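Encoded as structure tokens, the structure appears first; notes follow it.
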Amino acid sequence: MSEIKLSTVLGPAFRNLARDAFNHSHTHYDLSGGRGSLKSSCVSLLVPLILLQNPGTHAIVLRKVANTIRGSVYAQYQWAIGVLGMSAHWDAKLQPMELIYKKTGQKIMFRGADDPMKIKSIKVPFGYIAVTHFEEKDQFAGREEIRNILQSTMRGGAVFWNFESYNPPISRDNWANRDSLEERADRMCHKSTYLEAPPEWLGEQFLLEAEYLKETDEQAYRHEYLGEATGTGGNVFEKLELREITAKEIASFDHIYQGVDWGYFPDPFAFIRLHYDRARETIYFIDEMYRNKLPNEAAAREIKEKGYTDAYITCDSAEPKSVADFRACGLPAKEAVKGPGSVDYGMKWLQKRKIVIDIRRTPHAYEEFVHYEYERDKNGEFISGYPDAENHLIDATRYALERVFRRMGVTA
């Protein structure tokens, strides 16, 4: 079955992924999505076909806990072999849990990661384990646990495939969500939703339930059905759009604002450059500087070298000498105007705006805005208050947009 036939079965969302896997264009494949996104179905269809294309290879499918396997991935792979019209060509064993291709003896083995020694001791009758599939990646302890397993499975051969499928946890700070954002040249990340799946696969009731939740609890819908990490309930900034900002977009930006939060060590010097679309109430982060032990003169020189002298730089007024240093270097720097309640108002103003962040352009702004949470009391409960920690670019953003607040008649 070709990748085109697979896309007919699963829908066009998986066409490029299937082609990429069959061509072995990457080694690692990260598949995330909400309910009904067919990510696990896709992997279970790909793996048997990869084995058939590569005689002498085997596969291992892993879940964190062994006693969850029979009713989940084992049944899923049996279903996939049936869909492929190959049920008569595979033997299904329960002790140990394996699917064996009769013609060659190639195996798809199913194991739990709750006994790492059993994984390390796995032996195949010939060839090597070329394919590993981690189902429900987020249930594993972290990247280190997965890496340790792969060190046992990815050896003794020439080519390997590693599939990791999961429903993103609600917290953006969960290791699985953060891990999927780290760029690797040998990894392809694929996101899918039920909206891209053939409706007949899901059934009318599934679609009705999804629409009902969308109407009654949009945030739950976005997490459960669209696979979005919508937060913990304590996230200060909920209206975040995490995506690529193209060079074409940046070329069209004409309302540029810049801000600085002074720091040296251990707090960093933090500079942000952004565009604010007032009509759509949307902030786009363009560039940042986030550095320890950076003298004012060196920071000013770097800003000038980037050509960022076309807009005011509104700076934290706590260090007037540093603002003067910037002016002496030829930068259009000015002090922020602070007043009673300025932090609280500025933060609430930012919270009401959509904020678009490209992790490639502004990685530290991404870290701060995504993971910034309200204060907690001694019992760990969230309270109204903004922690004064890990918020240097957040403060720089407040300063940058201060004159927008002030036009509205409120001191920021």
Side-chain angles (χ1 to χ4, degrees), residues 1-22 29-53 59 61-63 68-90 92 97 99 108 110 131 133-139 161 163-170 176 180 188-218 220-230:
M1 181 181 284
S2 69
E3 67 271 14
I4 302 302
K5 181 69 177 295
L6 270 181
S7 71
T8 302
V9 174
L10 289 172
F14 295 96
R15 180 175 297 152
N16 290 337
L17 173 68
R19 182 181 296 116
D20 194 283
F22 287 139
Y29 293 88
D30 183 283
L31 291 86
S32 64
R35 294 176 183 172
S37 60
L38 305 187
K39 55 195 178 298
S40 298
S41 299
C42 176
V43 179
S44 66
L45 288 164
L46 287 174
V47 171
L49 296 176
I50 290 172
L51 294 190
L52 267 59
Q53 288 183 350
V61 183
L62 297 151
R63 287 203 64 172
T68 62
I69 290 174
R70 185 173 179 178
S72 59
V73 283
Y74 184 66
Q76 175 74 54
Y77 273 76
Q78 287 181 300
W79 165 89
I81 288 170
V83 169
L84 294 171
M86 300 171 60
S87 294
H89 302 286
W90 291 78
M97 212 171 292
L99 296 172
I108 302 175
F110 300 84
V131 184
H133 176 197
F134 292 88
E135 172 70 338
E136 305 295 354
K137 156 188 164 178
D138 59 299
Q139 294 181 3
W161 290 260
F163 295 96
E164 299 172 14
S165 53
Y166 76 110
N167 287 39
I170 192 169
S180 295
M188 179 181 187
C189 291
H190 183 277
K191 294 182 180 296
S192 57
T193 74
Y194 78 99
L195 297 171
E196 301 157 296
E200 61 273 15
W201 274 48
L202 302 174
E204 182 180 1
Q205 191 59 44
F206 180 98
L207 299 174
L208 289 173
E209 293 293 330
E211 285 303 307
Y212 177 78
L213 190 62
K214 182 179 180 180
E215 293 175 5
T216 58
D217 191 338
E218 184 181 1
Y221 165 79
R222 286 169 48 212
H223 173 239
E224 295 176 23
Y225 286 94
L226 301 185
E228 296 181 13
T230 54

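Note that the structure is predicted; figures quoted are calculated from it, not measured.
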Exercise for review: Inspect the contact between Glu224 and Arg35 and indicate whether a charged nitrogen and a carboxylate oxygen are less than 4.0 angstrom apart.
Suggested key: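 Looking at Arg35 and Glu224, the cut-off is met.
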
Review point. Strictly by modelled atom types, are Lys191 and Ser180 linked by a side-chain donor-acceptor pair under 3.5 Å?
Key: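 No donor-acceptor contact under 3.5 Å links the two side chains.
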
Practice item. Examine the side chains of Ser40 and Gln76 and answer whether a donor and an acceptor come within less than 3.5 Å of each other. Key: no

Working to the nearest 0.5 angstrom, can you tell me the gap between [X] [atom1] and [Y] [atom2]?
{"X": "Asp30", "Y": "Phe134", "atom1": "CG", "atom2": "CZ", "value": "12.0 Å"}
{"X": "Thr193", "Y": "Glu228", "atom1": "OG1", "atom2": "CD", "value": "9.5 Å"}
{"X": "Thr230", "Y": "Arg222", "atom1": "OG1", "atom2": "CZ", "value": "6.0 Å"}
{"X": "Phe110", "Y": "Ile69", "atom1": "CZ", "atom2": "CD1", "value": "8.5 Å"}
{"X": "Glu136", "Y": "Ser165", "atom1": "CD", "atom2": "OG", "value": "6.5 Å"}
{"X": "Glu209", "Y": "Leu202", "atom1": "CD", "atom2": "CG", "value": "13.0 Å"}

Exercise for review: Using modelled atom types only, decide if a donor and an acceptor are shared between the side chain of Lys39 and the backbone of Gly33 within a distance under 3.5 Å.
Suggested key: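 Confirmed, Lys39 side chain pairs with Gly33 backbone.
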
Review point. Under 3.5 Å, is there a donor-acceptor pair between the side chain of His223 and the main chain of Ile170?
Key: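 Flag set: sc His223 to bb Ile170 pair under 3.5 Å.
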
Non-hydrogen side-chain atoms of [X] and [Y] separated by less than 4.5 Å:
{"X": "Leu208", "Y": "Glu211", "result": "no"}
{"X": "Tyr221", "Y": "Thr216", "result": "no"}
{"X": "Ser72", "Y": "Arg63", "result": "yes"}
{"X": "Tyr225", "Y": "Leu195", "result": "no"}

Study note, to complete from the structure: Applying side-chain hydrogen bond (donor to acceptor under 3.5 Å, both in side chains) to Glu196 and not counting sequence neighbours gives none

Point to revise | Residues, nucleotides or ligands: over 12 heavy atoms within 6.0 Å of Glu204 CD | key: no

Review point. Counting heavy atoms not belonging to Glu218, are there more than 12 under 6.0 Å from its CD?
Key: no

Practice item. Check each of Tyr77, Tyr74, Phe163 against Val61 using the side-chain contact (heavy atoms from CB on, under 4.5 Å) test, and report the only one that passes. Key: Tyr77

Point to revise | ring pair (Phe, Tyr, Trp, His ring centres under 6.0 Å), paired with His190, selected from Tyr166, Phe14, Tyr29 | key: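 Going through the options one by one, the only one that passes is Phe14.
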
Revision key, fill the gap. Here the pair of heavy atoms bringing Pro48 nearest to Leu45 is CD-O, 3.5 Å

